[in-house]
Amino acid sequence: MNSQRDEVQAVIRDVTFGHRVAEDESDALVDYFVETDQWRRVWAGDVDVVLGPKGSGKSAMYATLVSRQDALFDRNILIGIAENPKGQPAFRTLKDDPPAGEDEFANLWKLYFLALIGDAIDSYDIQNDAAKKLTRTLSDARLRGGPKSLRQHLRDALDYVRRLAHLEEVEPNMAIDPTTGMPSGFSTRIKFAEPSSTERAVGALSVDDLFALADEAFAEADVSLWILLDRLDVAFAGTPQFETLALRALFRVYLDLNPYETFRLKIFLRSDIWNSLSRSGFREASHVTRELKIRWDRSTLLQLITSRITKSDKVTQRYDIDRTLVLTNSSAQENLLTRLYPTQVDSGPNKPATFDWCLSRTQDGTQQTAPRELIHLFSTIREMQLKRLEAGDPLPGEETLFDRTAIKAALPEVSQVRLEKTLYAEYPEERGFIEAMEGAKTNHSISSLSSLWAVPQDEALGSASRLVEIGFFEKRGTYPGPVSYWVPFLYRPALKMVQGSAEGVLTDAGNDESQDIP
């Protein structure tokens, strides 16, 4: 009996679901990254803007692109990293001394991207005339020269923008010989407006001229450059006005650069930030057409989980399975889960299968399950099962590795982490309204929320709408009919909520607890 217990524990220990956060497992992603159709569109270069909620896999896509630079190089595609993938974001350094306005930030973005283009030209030793002219101009303006960090590039670009803004007379400055009254020299100056003929005669170039040189240089070298931007939510965290300023300027620059064929910005951004930016009156948003909104369905999430389970050699040996077959066959994936996990978490003819139970418990109010929460749930189930076995609890039945008790015990931790590290961390202004839901019923009307929050109904409606937007509430029903606000299972354990409808919801909104997912 002990040998069987030891064997089961050894197999469970060998199973790993990886880290919740893609940045923490970039080296391992290459082994079990799920190549969805959405990923294939990104890989083909058809997508420039990747949008998705936190934990949806944006950073996994980003990290996978970075890890496959050699494969991209074989397609003549170079990669430029525009934000630190780990640690302190480069753009965080601007929070205490930000650009003065949207135009200044747009100019900063442009010079920063030119500096990264210069780095790519150096790294890949592109030596044609257009490349030389571009890098010489950037060097003259002190925007490149020797290895520089992203923070240094940012600082140099911002210093240049500010120097130019405060000049009484825009360069090229001509030093005048006091004897002859003729120009004795000049220094090249990059302009953001179109230079005059006189300025061009002494070497002035516009920023657009420099991007055109970059386009020519890459085209002649038969390569293209993808400049990758991720972690913008971290870079501008806690400063919504700064974030809006920076992103409005970024997307203006993105549209300005669209006509160039050999370099593209690849922007990975949280969808709620994009929605907020669009609502702020950003007219250019409608012109961003090469975007993709990440969505996961049951089949891709099933493949995600089984791809990680089959990383274990002990699992493949114990259950005599072909990893390649499992990764390419949905029936094999279903079969694997039914062998490792109980058929149901809650027994009954109308109760869901275990995997569907896991999906329903990790959905937020948008009815979407983020890979991050699903991975966290399965990782915690593993930990809970090991603790039970180490404490001497009975082995799971038959050939299964995990039992119902471990699955149910895992949900509270996932709920708490999601609440604290996503909702409270990303939306601190809504924390008070969410905390007020602790111990409350799970289904509410505006009138019950007004009472719970002690605010007028119009204020309650505004707050409830914001909580719908961030996925804390699922809005059920539509005006002018009855409407209620339902808290998903994902948040209930952390808030110790009671399943059911608040008083008056049945008459106000026509909904009650019978609408809960089994």
Side-chain angles (χ1 to χ4, degrees), residues 53-56 271-272 275 295-298 301 345-346 348 350-352 356-370 373-374 377 408 411-412 414-420 422-424 426-427 429-455 457-518:
K54 189 170 183 177
S56 62
S271 50
D272 62 301
N275 292 338
R295 295 185 70 87
W296 289 81
D297 57 23
R298 186 185 186 281
L301 289 169
V345 178
D346 298 313
N350 297 319
K351 300 297 182 180
D356 294 302
W357 186 95
C358 292
L359 292 181
S360 71
R361 266 57 182 179
T362 50
Q363 284 181 354
D364 70 357
T366 66
Q367 299 185 352
Q368 291 293 304
T369 292
E373 270 61 58
L374 193 62
L377 178 62
K408 287 188 173 183
L411 186 58
V414 177
S415 178
Q416 193 70 40
V417 170
R418 170 74 179 197
L419 184 69
E420 292 180 354
T422 296
L423 287 195
Y424 290 166
E426 304 296 338
Y427 313 103
E429 65 280 3
E430 311 301 343
R431 181 167 185 159
F433 295 102
I434 296 172
E435 288 181 331
M437 304 294 295
E438 186 169 355
K441 292 295 185 70
T442 56
N443 196 34
H444 285 265
S445 66
I446 288 300
S447 61
S448 67
L449 290 174
S450 173
S451 176
L452 182 65
W453 292 336
V455 297
Q457 288 198 18
D458 58 342
E459 291 185 25
L461 178 59
S463 297
S465 297
R466 290 192 296 273
L467 294 181
V468 168
E469 184 178 323
I470 67 175
F472 178 75
F473 279 145
E474 178 186 328
K475 183 180 176 182
R476 294 183 163 185
T478 56
Y479 293 109
V483 173
S484 70
Y485 297 85
W486 185 83
V487 180
F489 289 101
L490 177 58
Y491 298 115
R492 296 181 183 188
L495 291 168
K496 301 177 178 61
M497 301 189 75
V498 179
Q499 181 170 308
S501 296
E503 185 177 354
V505 172
L506 186 61
T507 55
D508 287 357
N511 276 314
D512 63 15
E513 62 271 22
S514 65
Q515 292 183 297
D516 274 353
I517 301 172

L374 vs C358, side chain to side chain contact (heavy atoms under 4.5 Å, CB included): CA-CA, chis, key distance, verdict
CA-CA 7 Å; L374 193 62; C358 292; 4.2 Å; yes

Going through the distances and angles, do M497 and Y491 end up as a side chain to side chain contact (heavy atoms under 4.5 Å, CB included)?
CA-CA 8 Å; M497 301 189 75; Y491 298 115; 5.7 Å; no

Take I470 and D272 through the test side chain to side chain contact (heavy atoms under 4.5 Å, CB included) and record every step on the way to the result.
CA-CA 7 Å; I470 67 175; D272 62 301; 5.8 Å; no

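In this structure the side chain of T366 never reaches within 4.5 angstrom of the side chain of E474, judged on heavy atoms. Residues Q363 and P488 fail the side-chain proximity criterion, which asks for heavy atoms closer than 4.5 Å. Counting heavy atoms from C-beta outward, W486 and V468 have side chains that stay 4.5 Å or more apart. Between L301 and L359, some side-chain heavy-atom pair lies under the 4.5 Å cut-off. Counting only heavy atoms from C-beta outward, the side chains of P53 and S271 approach each other to under 4.5 Å. Side-chain contact between V487 and M437 is present, with heavy atoms from C-beta onward closer than 4.5 Å. Considering only heavy atoms from C-beta on, I434 comes within 4.5 Å of L419 through its side chain. Considering only heavy atoms from C-beta on, L449 comes within 4.5 Å of F473 through its side chain.
Across T442 and Q499, no two heavy atoms sit closer than the pair OG1-CA, 3.5 Å. Between W357 and L411, the closest heavy-atom pair is CH2-CD2, 4.3 Å. Taking each heavy atom of V455 and A460 in turn, the nearest pair found is CG2-N, 3.8 Å.
Taking CG from D364 and CZ from F472, the interatomic distance works out to 11.5 Å, rounded to the nearest 0.5 Å. Taking CD of E503 as the start and OG of S451 as the end, the distance is 9.0 Å to the nearest 0.5 Å. Considering OG of S448 and CD of Q457, their distance stands at 9.5 Å, rounded to 0.5 Å. Atoms NE2 and OG, on H444 and S450 in that order, are 12.5 Å from each other to the nearest 0.5 Å. With rounding to the nearest 0.5 angstrom, the NZ atom of K475 is 13.0 Å from the CG atom of L467. Going from atom OG of S445 over to atom CG of L461 covers 11.5 Å, rounded to the nearest 0.5 Å.
Within the structure, salt bridge (charged side-chain N to carboxylate O under 4.0 Å, His left out) pairs that include any residue of residues 458-471 comprise R279-E469, E430-R466 (at least two apart or interchain). Residue pairs meeting the salt bridge (charged side-chain N to carboxylate O under 4.0 Å, His left out) criterion with at least one member in residues 432-450, sequence neighbours excluded, are R431-E435.
The ring pair (Phe, Tyr, Trp, His ring centres under 6.0 Å) test with F433 singles out one residue from Y427, Y424, W453, and that residue is W453. Under the salt bridge (charged side-chain N to carboxylate O under 4.0 Å, His left out) test applied with E373, the options K54, R418, R361 reduce to a single match, R418.
More than 12 heavy atoms of other residues, nucleotides or ligands lie within 6.0 Å of CZ in R298, so this atom counts as buried by the packing criterion.
Here the side chain of S415 pairs a donor or acceptor atom with the backbone of L490 at under 3.5 angstrom.
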